[in-house]
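Contents: one structure, followed by commentary.
Reminder, nothing fancy here: chain letters follow the sequence lines and each chain counts from 1.
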Amino acid sequence: MAEAAVKPQSSAAGATRLKIEGLNAYYGESHVLHGVDIEVKRGEVVALLGRNGAGKTSTLRSVMGLVGRRTGSIVFDGVETAKLAPHRIARLGIGYVPEERGIFASLNVHENLMLPPVIKPGGMSVPDIFTLFPNLKERLYSPGTKLSGGEQQMLAIARILRSGADFILLDEPTEGLAPVIVQQIGAAVRRLKESGLTMIVVEQSIHFVSTIADRFYVMEDGHVVDAMTAAELAANRDRLVTYLGV
Amino acid sequence: MFELLGIPPQALFGQLLLGLINGSFYALLSLGLAVIFGMLNVINFAHGALYMVGAFVAWYLLQYAGIGYWGALIITPVVVGILGLVIEKTMLRHLYKLDHLYGLLLTFGLALILEGGFKYQYGVSGQSYPVPAALNGGTNLGFMFLPFYRGWVVALSIVVCVATWYAIEKTRLGSYLRAATENPKLVQAFGINVPVMITMTYGTGVALAGLAGVMAAPIYSVNPLMGSNLIIVVFAVVVIGGMGSIFGAVASGYLLGLMEGLTKVFLPEASNIVVFLIMVVVLLLRPAGLFGRER
């Protein structure tokens with residue numbers, strides 16, 4: 001089964017894996033993140049919530065080193081990554097599932113799946129991936145972008161699981177997908193959490209993440225404006241709804 | 001002997017072979033240009049000059065090191081490839097953030113410097129380079145005479161083009177290349193060292209030009225201007241095939257060589273412009289080229 005294929009975390013749960021302090025990010029002239037502080041512990045699923053343009057995607061892109069310029073500190077597993085090139089950051093064990101999914105049109109499904117190199121041992125095997133996402137197996141030699149939106153999302157997640165990354169950045173995994181597909185993706189993400197992967201999930205609404213996240217950060221205009229644990233969520237629901245404007 | 005539309009077969013097939021030879025060089029050069037353009041978004045104007053440098057490296061090897069054609073076939077692409085790595089690392093790299101036009105201007109300048117330097121040293125009369133002994137002579141195929149060396153050039157260029165196409169379309173490394181052509185940042189975020197891939201791609205692309213230079217040395221004389229004569233046609237070939245399309249570059253290379261050959265038989269006056277006429281028509285009807293995808 002899929003769960004068994006992912007290596008259990010060797011180090012103690014609860015240790016800090018990612019600590020972002022005073023992060024500022026810029027795209028050319030525009031200053032998109034203003035002193036963001038975020039901490040993620042081993043085995044946690046942390047949700048970044050906020051409206052469109054709040055800085056959630058920019059935060060993930062900053063972790064991967066994909067923004068134009070960034071200042072501040074991003075320490076991952078004890079390594080300062082703010083000055084590292086993206087491929088060096090990925091090799092520390094971070095897997096990135098971008099918002100636009102990033103499926104390559106000139107590669108078929110199989111090539112897309114095999115594209116990310118194995119960066120850590122303990123990644124999911126291809127048969128286990130097909131157990132988790134049976135749709136992919138049927139479309140293995142179609143061009144990647146001929147898949148439906150939901151299948152592309154599955155492929156984007158699957159290829160990162162194969163790489164052995166044990167810290168996963170998921171950017172709006174349910175955006176634009178039909179409810180039945182959202183359920184399927186939700187079930188997969190829940191299983192990954194149970195297998196011990198650490199994740200940051202970006203979403204615009206609390207609907208999808210409320211059942212999987214351990215902690216929530218709320219972003220607005222490039223700042224973190226609120227934070228709460230899953231236990232505090234119910235009591236603060238009204239406040240969250242105001243932030244997110246739903 | 002039969003005649004075709006009043007043309008003796010010897011003349012027809014002779015011109016077709018000549019077209020195929022030219023097409024072999026078009027294909028090899030436009031292949032390198034297409035690979036470089038796809039990955040670097042740079043229109044490598046120095047390609048013709050590096051092809052010329054390849055021919056001169058072969059000539060140097062023979063002249064000063066006593067290394068003949070077969071050795072040159074291996075050593076020259078490596079030498080020109082390393083020159084490419086240096087150009088990419090020290091110059092082109094700094095221009096990626098700017099408009100594509102700057103890469104074109106830089107490589108255009110490099111081409112002028114290389115050609116000017118060789119012209120200063122060797123004039124434009126050209127140095128002769130012997131056909132390798134093993135490929136001297138030829139055979140009568142009945143309908144035409146086939147010099148062995150020319151047959152070898154066509155065969156080798158087809159093998160190199162097919163091998164390059166296979167490497168890009170069917171191998172793991174090729175899938176990295178295709179993916180990085182589409183979205184280099186994401187590929188790098190998967191842990192692949194894209195900057196090194198870009199350098200290697202440029203090196204490999206110009207190594208193909210160097211290889212073409214060696215192959216050309218025994219046919220055309222080794223001449224500082226041999227690249228600039230060819231490169232304009234090759235750019236037309238790339239445009240016709242479709243910018244960045246590997247298959248398009250190769251297929252239209254051979255196709256246009258043959259078209260030129262045919263035109264020489266039936267309308268010799270038009271043979272120098274036929275490629276450009278086709279380019280104009282293709283640009284008007286299919287701006288992305290015969291095999292290109294609209295971006």
Checking A:I103 against chain B: side chain, backbone, both or neither under 4.5 Å from a heavy atom?
-> backbone
Report the distance from atom CD of B:Q188 to atom OH of A:Y96, rounding to the nearest 0.5 Å.
-> 13.0 Å
Could you grab the distance from atom OG1 of A:T145 to atom CD of B:E182, nearest 0.5 Å is fine?
-> 7.5 Å
May I ask you to check whether over 12 heavy atoms, not counting those of A:Y26, lie within 6.0 Å of atom OH?
-> yes
Nearest heavy-atom contact between B:F190 and A:I119 is O-CG2, 4.1 Å
Measuring heavy-atom distances to chain B, does A:P98 have an atom under 4.5 Å in its side chain, in its backbone, in both, or in neither?
-> side chain
Side chain to side chain contact (heavy atoms under 4.5 Å, CB included) between B:N193 and A:H87, intermediate numbers included = CA-CA 6 Å; B:N193 193 336; A:H87 63 276; 3.3 Å; yes
Interface residue of largest heavy-atom contact number with chain B, from A:R88, A:M64, A:R91, under 4.5 Å = A:R91
Could you tell me whether B:Y102 atom OH has more than 12 heavy atoms of other residues or ligands within 6.0 Å of it?
-> no
Please state whether the side chain, the backbone, both or neither of A:A105 comes within less than 4.5 Å of a heavy atom of chain B.
-> both
B:E169 and A:E111: which non-hydrogen atoms are nearest, and at how many Å?
-> O-OE2, 3.8 Å
Does atom CG of B:L173 have more than 12 heavy-atom neighbours, drawn from other residues, nucleotides or ligands, at distances under 6.0 Å?
-> no
Checked A:G65, A:P86, A:G144, A:S163 vs chain B; the most non-hydrogen pairs under 4.5 Å come from A:P86
Considering all heavy atoms, the nearest A:L115-B:A179 contact | CD2-CB, 3.7 Å
Crowding at OH, B:Y166 (>12 non-hydrogen neighbours, <6.0 Å) | no
Should we say atom CE of B:M200 is surrounded by more than 12 heavy atoms from elsewhere, each under 6.0 Å from it?
-> no
For atom NZ of B:K89, is the number of surrounding heavy atoms from other residues, nucleotides or ligands below 6.0 Å larger than 12?
-> no
Side chain proximity check, A:P117 to B:Y176, heavy atoms < 4.5 angstrom = yes
Value rounded to 0.5 Å, distance of CG in A:L113 from OG in B:S175 | 11.0 Å
Under 4.5 Å heavy-atom distance to chain B, tell me which part of A:I160 shows up: side chain, backbone, both or neither.
-> side chain
Between chain B and each of A:A90, A:S106, A:G102, A:A85, count heavy-atom pairs under 4.5 Å; write down the option with the most.
-> A:S106
Kindly give the heavy-atom pair with the smallest separation between B:K185 and A:L66, and that separation in Å.
-> NZ-O, 3.3 Å
